[in-house]
Novice: 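Questions regarding the structure given below will be posed in turn.
Numbers restart at 1 for each chain; the letters A, B, ... are given by sequence-line order, proteins then strands.
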4 protein chains.
Amino acid sequence: MDKTGRGRPRSERARLAVLEAAADLLIEGGMTAATMEAIAARAGVGKATIYKWWPSRGHVALDSFFMRTKTTIAVEAGASLEEALTAKIGALAGLLRDPATGPLMREIVAVAQSDPDIRSALEERWVRPRRVAAEQVLREAAERGELRADVDFAAALDQLFAPLYYRLLFGHEPLDERLAETLVRQVIGGIAASQAW
Amino acid sequence: MDKTGRGRPRSERARLAVLEAAADLLIEGGMTAATMEAIAARAGVGKATIYKWWPSRGHVALDSFFMRTKTTIAVEAGASLEEALTAKIGALAGLLRDPATGPLMREIVAVAQSDPDIRSALEERWVRPRRVAAEQVLREAAERGELRADVDFAAALDQLFAPLYYRLLFGHEPLDERLAETLVRQVIGGIAASQAW
Amino acid sequence: MDKTGRGRPRSERARLAVLEAAADLLIEGGMTAATMEAIAARAGVGKATIYKWWPSRGHVALDSFFMRTKTTIAVEAGASLEEALTAKIGALAGLLRDPATGPLMREIVAVAQSDPDIRSALEERWVRPRRVAAEQVLREAAERGELRADVDFAAALDQLFAPLYYRLLFGHEPLDERLAETLVRQVIGGIAASQAW
Amino acid sequence: MDKTGRGRPRSERARLAVLEAAADLLIEGGMTAATMEAIAARAGVGKATIYKWWPSRGHVALDSFFMRTKTTIAVEAGASLEEALTAKIGALAGLLRDPATGPLMREIVAVAQSDPDIRSALEERWVRPRRVAAEQVLREAAERGELRADVDFAAALDQLFAPLYYRLLFGHEPLDERLAETLVRQVIGGIAASQAW
DNA sequence: TCTTAAACGAGACGGTACGTCTAGTCTTCTA
DNA sequence: TAGAAGACTAGACGTACCGTCTCGTTTAAGA
């Protein structure tokens with residue numbers, strides 16, 4: 001019935017060592033280097049301990065990413081639409097640009113393509129909360145009459161967030177500091193000469 | 001030295017069998033299923049033959065994707081900016097939505113994250129040509145005075161193309177048929193109520 | 001320092017449960033099945049408790065064998081040489097033929113080959129007492145003048161006991177009921193036609 | 001149909017390296033040391049190669065024993081019963097006494113107790129041929145009228161062979177050089193004072 | 001009766017070896 | 001000389017036990 005405190009409790013030391021080792025290996029050599037054996041060896045942990053608490057390498061990677069990403073998705077009070085969005089997109093860009101977290105995200109997106117479990121976890125725990133927060137900003141602007149009536153919020157959010165991942169994954173353009181501002185400006189105001197619209 | 005057709009010529013049958021087998025396996029079970037052994041077995045080909053002509057699984061996957069993607073990046077003559085962009089983005093969306101090619105692209109993006117060779121090949125042979133063509137459309141519109149002077153072309157292209165990959169890879173929203181049109185409209189005209197800008 | 005019975009005394013229940021569980025598992029599936037974890041689980045005992053009282057699986061097996069073998073090595077008074085020996089060899093044969101003890105002995109002999117501790121314990125606690133008792137019978141017969149002067153007692157004992165283990169371990173012939181009598185008869189009288197000797 | 005010479009042929013080098021490595025490891029540290037990993041590492045061979053050609057460690061051990069045991073079970077022509085038997089038993093005793101083969105046999109007998117496959121292979125390929133050859137010697141003596149009519153051949157063979165394995169496995173007495181002669185003498189002539197029989 | 005300390009069950013821990021799978025290479029025969 | 005077959009070394013996979021280590025929980029002797 002009551003299973004409280006039966007047996008040796010889980011080792012917090014081991015948990016952290018695994019996540020740190022995984023993060024380090026992922027940054028150094030990606031998923032190729034971050035084998036279960038390598039993670040276990042570097043963490044000074046038995047392989048079975050890892051398998052006991054995480055069902056796959058992907059889950060370890062995901063958790064190690066979250067461990068290294070203590071961001072808050074705060075809503076900025078009293079900020080203009082443009083300011084609020086720029087703050088959010090800029091923060092994410094900084095994270096993806098950071099050599100301590102960007103490479104992790106790249107690997108996680110990769111494993112997510114062959115692991116539906118990771119894919120949905122990534123969507124629910126990472127992508128969605130940020131989109132929901134940004135959508136809230138957009139909706140408030142809409143209520144203030146600052147947006148067109150026919151705005152497609154989902155598409156607008158994609159146009160703000162997607163370029164960051166696109167550049168991270170394909171590497172065709174750098175994730176520089178002014179990108180967030182540019183993206184916000186162009187999605188709010190458009191790129192057409194004003195008289196044309 | 002002498003490259004005259006001495007000896008048995010390369011088997012076109014084998015080349016195609018490998019690419020078809022790889023594509024099928026990738027669609028059925030992703031990179032996990034598309035092992036070299038599985039590809040060789042299904043293609044009725046020796047493993048060594050594959051290694052002789054392709055340096056890695058990623059390259060086979062990339063080639064199999066191109067084999068299944070006989071698209072032309074034609075420049076539409078006499079089309080408006082909006083029409084031209086919608087045609088391009090829509091075509092790509094269709095390709096990524098197609099169950100015969102979308103899953104291939106997902107797997108290729110995944111392997112590209114741990115194989116710089118694939119990553120650059122993907123960028124040069126796939127991403128760049130489409131961006132160059134679309135940029136050409138934008139530049140012509142700019143010359144016609146249809147665009148603002150401060151447009152960031154790279155960012156604009158990202159805002160058109162990135163959402164497609166974003167949705168393909170993360171699956172948070174469907175790649176539906178009207179997406180291209182929406183993206184084009186919003187990036188050209190912006191989402192702000194007109195008087196505000 | 002003070003070894004007064006402070007603290008909880010050793011659980012006799014646990015001791016017996018371990019030996020019973022080990023014996024059962026050994027009979028069912030040999031050493032392969034009788035893992036420490038399986039013994040502990042079946043006995044309803046913590047693994048550490050087993051390690052506290054027995055240094056290895058082999059020792060548990062040996063003890064479980066002795067627990068199931070409550071034989072007396074009684075000296076038969078007033079029996080002839082042949083009767084006394086047949087009684088002893090027959091008793092051992094019966095024990096090794098018994099499905100409740102024979103398989104245990106097989107496994108113990110096996111572990112003894114890679115554990116010198118078990119090997120010497122087996123020799124001292126099991127083999128030697130029986131040999132000493134049987135040798136006593138032989139020596140008394142020799143004092144009565146019933147044996148040749150050049151008898152090698154050790155070899156004679158081997159010729160009585162060894163065939164039982166030989167058949168148990170190699171299985172080339174059954175350990176049937178008349179074996180003891182035959183062994184005794186042949187080692188005492190020899191197999192040669194009488195005139196030849 | 002005809003599978004002649006298709007593919008790379010089996011490597012004789014690997015086969016021998018495995019058997020040598022296994023034999024060495026078995027002698028040095030028994031089955032505990034002769035893990036598949038250790039054998040593979042010492043032989044400079046992949047583990048899969050071992051599993052491809054041998055179903056278990058026991059089979060490798062058995063084969064390595066046979067490799068190190070190039071004995072002939074020749075039938076000595078024109079020898080007396082006693083000479084013929086002493087030659088055979090003495091040869092086997094020498095082999096079991098040899099530090100290069102005796103320890104191997106000990107380990108093989110041990111694994112045979114938990115692997116029926118090994119047990120039957122050992123019986124058929126090792127024990128039986130020697131017993132058959134020795135039984136032939138006995139039967140010829142019987143035809144010459146040198147043996148009693150009621151001789152139990154199987155038991156007699158056990159009384160000749162079993163003591164060797166008994167001493168090898170239990171270690172209670174040494175396998176010295178005169179043992180064969182003593183065993184033969186006592187089983188043929190018996191140990192009783194002649195007048196008693 | 002209350003303290004106290006050893007023994008207990010449960011079960012997590014760092015390891016080692018298991019037997020399997022795939023990678024990428026090599027060697028043979030065949031076309 | 002390219003290719004199909006398939007054996008090779010190497011090494012990661014996920015599992016099973018090993019023997020050790022905490023935990024909270026008995027259990028009886030001694031205070």
Novice: Verify whether one side chain among D/H59 and D/D115 offers a donor that lies under 3.5 Å from an acceptor in the other.
Specialist: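 Side chains of D/H59 and D/D115: no pair found under 3.5 Å.
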
Novice: Rounded off to whole Å, could you give me the CD-to-C1' distance for the C/E37 and E/dG11 pair?
Specialist: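 Rounding to the nearest Å, CD of C/E37 and C1' of E/dG11 are 10 Å apart.
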
Novice: Does a side-chain N-to-carboxylate-O contact under 4.0 Å join D/E20 and D/R68?
Specialist: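 Salt bridge: yes.
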
Novice: How long is the straight-line distance from NZ of A/K47 back to CD1 of A/I39, given to the nearest 0.5 Å?
Specialist: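 If we round to the nearest 0.5 Å, A/I39:CD1 and A/K47:NZ are 11.5 Å apart.
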
Novice: Quick check: does any side chain N or O of B/R119 sit under 3.5 Å from a backbone N or O of B/Q113, one acting as donor and the other as acceptor?
Specialist: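 Absent.
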
Novice: To the nearest 0.5 angstrom, please state how far the CG atom of D/L19 sits from the CZ atom of D/F66.
Specialist: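 Going from CG on D/L19 over to CZ on D/F66, the span is 12.0 Å.
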
Novice: Let's test your reading of the model: under 3.5 Å, does the base of F/dA2 pair with the side chain of B/R8 as donor and acceptor?
Specialist: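 Indeed there is one.
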
Novice: What is the distance from CG of D/D115 to C1' of E/dC18, rounded to the nearest Å?
Specialist: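 Going from D/D115 (CG) to E/dC18 (C1'), I get 15 Å.
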
Novice: Between C/G46 and B/R57, name the one whose nearest nucleotide on DNA chain E is closer to the 5' end.
Specialist: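 Closest to the 5' end, via its nearest nucleotide, is C/G46.
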
Novice: Identify whether the distance between the nearest side-chain nitrogen and carboxylate oxygen of B/E37 and B/R42 falls below 4.0 Å.
Specialist: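 No, no charged N to carboxylate O under 4.0 Å.
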
Novice: Give the rounded distance in Å between these two atoms: CG of A/L16 and P of E/dC13.
Specialist: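 My rounded result for the distance is 12 Å.
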
Novice: Can you tell me if D/T49 touches the phosphate of F/dT9, counting only side-chain N or O atoms and a distance under 4.0 Å to OP1 or OP2?
Specialist: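 For F/dT9, OP1/OP2 do have a side-chain N/O of D/T49 under 4.0 Å.
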
Novice: Just to confirm, is there a sub-4.0 Å distance from OP1 or OP2 of F/dC21 to any side-chain nitrogen or oxygen of A/R10?
Specialist: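 No, A/R10 has no side-chain N/O under 4.0 Å of OP1/OP2 on F/dC21.
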
Novice: Check every atom of E/dT4, E/dT20, F/dG3 against the side chain of B/W53 and return the nucleotide holding the closest atom.
Specialist: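 Shortest atom-to-atom distance from the side chain points to F/dG3.
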
Novice: Look at all strands and tell whether C/R15 reaches a base, only sugar-phosphate, or nothing, counting heavy atoms closer than 4.0 Å.
Specialist: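 Nothing, no nucleic acid heavy atom in range.
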
Novice: Expressed in angstrom and rounded to an integer, what is the separation of D/M31 atom CE from E/dA17 atom P?
Specialist: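 About 15 Å, once rounded to whole Å.
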
Novice: Grab the CD-P distance between C/E12 and F/dT26 for me, whole Å please.
Specialist: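 My rounded result for the distance is 21 Å.
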
Novice: Report the distance from atom CD1 of C/I50 to atom P of E/dA7, rounded to the nearest whole Å.
Specialist: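 For the pair C/I50 CD1 and E/dA7 P, the rounded distance is 16 Å.
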
Novice: Under 4.0 Å between a side-chain N or O of C/R13 and OP1 or OP2 of E/dG9?
Specialist: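 Yes, C/R13 has a side-chain N/O under 4.0 Å of OP1/OP2 on E/dG9.
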
Novice: When you measure from the side chain of B/K47, which nucleotide among F/dG14, E/dT25, E/dT20 comes out closest?
Specialist: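 Of all the options, the side chain of B/K47 is nearest to E/dT25.
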
Novice: I need the CZ-P distance between A/R6 and F/dC21, as an integer number of Å.
Specialist: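 So the CZ-P distance, A/R6 to F/dC21, works out to 22 Å.
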
Novice: Nearest to the side chain of B/A48 - F/dA12, E/dT4, E/dC26?
Specialist: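 Nearest to the side-chain atoms of B/A48, counting from C-beta on, is E/dC26.
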
Novice: Side chain of D/M36 only, please: which of E/dA7, E/dG19, E/dG9 is the nearest?
Specialist: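 Comparing E/dA7, E/dG19, E/dG9 against the side chain of D/M36, the answer is E/dG19.
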
Novice: Which part of the nucleic acid, if any, lies within contact of A/S11, taking any heavy atom under 4.0 Å across all strands shown: a base, the sugar-phosphate backbone alone, or nothing?
Specialist: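 Sugar-phosphate only.
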
Novice: Closest to the B/Y51 side chain: E/dA23, F/dA12, E/dA10?
Specialist: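 Taking heavy atoms from C-beta onward, the closest nucleotide is E/dA23.
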
Novice: Given that C/S56 and D/A14 both sit by DNA chain F, which one's nearest nucleotide is further toward the 5' end?
Specialist: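 Closest to the 5' end, via its nearest nucleotide, is D/A14.
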
Novice: Quick one: B/I39 CD1 to E/dT22 P, roughly how many Å, whole number?
Specialist: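 Result: 12 Å.
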
